[in-house]
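Okay, so here's the structure we're looking at.
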Amino acid sequence: VEKGISFYAPEAIPIISKAVQRVIDYGDSFDLELPFITAKGNRLWVHAIGKAHRKDGKTIRVGGTFQDITERKRAEEALQEAEERYHAIFEQAADSIVLVDVETGALVEFNDRAYQNLGYSRKEFQKFKIADFEAIDSAREVAKRIEKIIEQGSDVFDTQHRTKGGEIRDIQISARAIGIGGRDFVQAIWRDITERKRAKEALEESEERYSALLNLGGEVGEAIVMLQDTEQGDAIQTFVSNDWPHITGYSRKELLSMSFLDLLHPQHRQASLKRHKRKMSGEIIPGLFEMSIITKDGTEVPVEVTSV
């Protein structure tokens with residue numbers, strides 16, 4: 001017995017020794033899975049079963065079976081590692097991840113982001129179905145969407161979710177159908193795109209206002225010019241509307257390589273440069289300024305300039 005015990009891995013020897021001793025002393029049995037070191041030094045896992053053969057109340061022999069379960073143990077360890085990696089990704093993901101039971105519509109699994117982003121506790125959220133916080137589709141439409149995902153295998157779409165506080169959040173959903181234990185599920189990743197969408201809408205509104213300003217300037221015969229200090233010099237024209245080439249006689253290409261100061265009549269350049277420097281330093285310069293420009297053919301043309 002002692003020789004057989006010596007082949008177990010060092011961390012397993014106290015366990016098997018205690019189990020064998022109880023068989024000898026009390027007639028107990030054992031059923032253990034322990035690491036084992038072969039005569040060649042290879043590390044295995046074994047399933048050891050032992051029981052006592054007793055006579056007159058004393059153990060006269062210890063018998064049992066011994067099975068190599070190394071492959072099964074390795075498979076179990078690999079599965080456990082895979083599950084740990086999955087849960088680490090699942091819980092640490094920046095987006096909400098949910099697993100939906102297709103048959104019941106229940107949220108059978110979800111990460112912390114899923115309920116936190118909507119302002120709920122885990123206990124509250126686990127009672128919900130998607131329709132309980134979906135802000136656009138009805139429960140019937142949600143069910144149809146899930147059916148579509150099952151049929152197609154996957155889908156990506158935008159929707160809106162309602163938080164516990166009543167705020168509407170824009171959500172982009174990437175979903176795919178999966179099978180687990182013979183049942184259909186939908187795994188979905190929800191990404192909150194509210195801020196991105198608001199930024200896009202603000203940019204579009206700004207562009208619309210800008211376009212309207214350009215159109216209005218053209219309609220009333222006004223030119224719009226944008227200036228920027230660059231390596232080329234001060235007050236370089238970085239944008240000119242269509243009317244400015246008509247007024248100055250220069251082409252758009254020529255104007256975009258020139259300083260606005262170069263167009264001014266010499267008597268206005270110094271004062272205009274000072275105002276420009278104050279403007280670029282962040283000072284608000286209100287008012288309408290009258291000055292003259294010199295066109296390409298040398299003509300002096302009076303203009304009114306408003307700085308914004």
Side-chain angles (χ1 to χ4, degrees), residues 1 4-23 28-51 62-118 120-130 146 149-150 153-156 173-192:
V1 172
I5 289 175
S6 69
F7 282 102
Y8 283 87
E11 67 271 22
I13 289 177
I15 300 173
I16 188 67
S17 297
K18 183 177 180 180
V20 170
Q21 194 61 50
R22 289 190 64 82
V23 172
D28 290 351
S29 60
F30 62 81
D31 186 336
L32 300 170
E33 294 182 355
L34 298 169
F36 188 87
I37 309 296
T38 68
K40 293 183 178 181
N42 297 321
R43 187 180 178 89
L44 307 176
W45 274 89
V46 296
H47 181 198
I49 298 175
K51 63 180 180 179
V62 177
T65 61
F66 186 83
Q67 180 184 8
D68 185 344
I69 58 169
T70 306
E71 293 305 316
R72 175 170 68 80
K73 272 292 185 180
R74 287 175 179 169
E76 290 175 353
E77 289 173 355
L79 177 60
Q80 182 177 353
E81 288 177 4
E83 289 178 346
E84 289 174 355
R85 287 195 299 270
Y86 169 78
H87 281 288
I89 294 171
F90 189 79
E91 291 301 335
Q92 295 174 20
D95 298 321
S96 302
I97 303 176
V98 300
L99 186 67
V100 182
D101 187 322
V102 171
E103 184 177 345
T104 66
L107 301 169
V108 296
E109 192 171 354
F110 47 86
N111 66 354
D112 291 345
R113 288 280 185 179
Y115 64 86
Q116 289 173 352
N117 285 354
L118 293 178
Y120 291 99
S121 66
R122 175 173 285 274
K123 186 176 181 181
E124 291 172 321
F125 198 70
Q126 67 187 6
K127 300 175 183 178
F128 289 161
K129 296 183 178 180
I130 292 176
I146 291 175
I149 294 169
I150 295 298
S154 63
D155 195 13
V156 178
I173 296 180
S174 176
R176 66 186 181 96
I178 61 174
I180 302 176
R183 298 176 63 185
D184 290 327
F185 294 86
V186 168
Q187 185 180 56
I189 298 175
W190 301 341
R191 175 163 295 177
D192 191 321

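The figures that follow rest on heavy atoms only: side chains count, while hydrogens, waters and symmetry mates do not. This structure is a prediction, so every number in the text was calculated from the model and none was measured.
Taken from CD1 in I149 to CG in D184, the straight-line distance is 12.0 Å, to the nearest 0.5 Å. With rounding to the nearest 0.5 Å, the separation of CD in E71 from CG in L44 is 9.5 Å. Within the model, atoms CD1 of I16 and OH of Y8 stand 4.0 Å from one another, a figure rounded to the nearest 0.5 Å. Separating the CG atom in D28 from the NZ atom in K18 is a distance of 11.0 Å, to the nearest 0.5 Å.
Nearest heavy-atom pair, G4 versus F36, reported as atom, atom and distance to 0.1 Å: O-CE1, 4.3 Å. Shown here for V23 and S29, the closest heavy-atom pair between the two residues is CG2-CA, 4.1 Å. In plain terms, the two heavy atoms of N111 and S96 that are nearest each other are OD1-CA, 3.6 Å. Of all heavy-atom pairs between W45 and D68, the closest is O-OD1, 3.4 Å. The shortest non-hydrogen separation linking V156 to S174 is CG2-OG, 4.0 Å. Pairing each heavy atom of R43 with each of P35, the nearest pair is NH2-CB, 3.5 Å.
R113 and D95 are not joined by a salt bridge, as no carboxylate oxygen comes within less than 4.0 angstrom of a charged side-chain nitrogen. Ion pairing of R74 with E77 is absent here, as no side-chain N (NZ or NE/NH1/NH2) approaches a carboxylate O to less than 4.0 Å.
Within the 4.5 Å cutoff, side-chain heavy atoms of L99 are placed close to those of I180. Side-chain contact check for F30 versus V20: some heavy-atom pair is nearer than 4.5 Å. Q126 places none of its side-chain heavy atoms less than 4.5 Å from the side chain of Y115. Contact of the H47 side chain with the I49 side chain is registered, since non-hydrogen atoms from C-beta on lie closer than 4.5 Å. A heavy-atom distance below 4.5 Å is found between the side chains of E33 and R72.
Among V102, I178, D155, the one residue that satisfies the side chain to side chain contact (heavy atoms under 4.5 Å, CB included) test with V186 is V102.
Residues satisfying the side chain to side chain donor-acceptor pair (under 3.5 Å) criterion with E124, sequence neighbours excluded, are S121, K164. Scored by the side-chain contact (heavy atoms from CB on, under 4.5 Å) test, D101 finds E103, T104, V108, R183, F185 as partners (sequence neighbours excluded).
Heavy-atom neighbours of K73 NZ from other residues, nucleotides or ligands within 6.0 Å: above the threshold of 12.
Using cut-offs of 30° and 60° for the angle between ring planes, the Y120 and F125 rings count as tilted.
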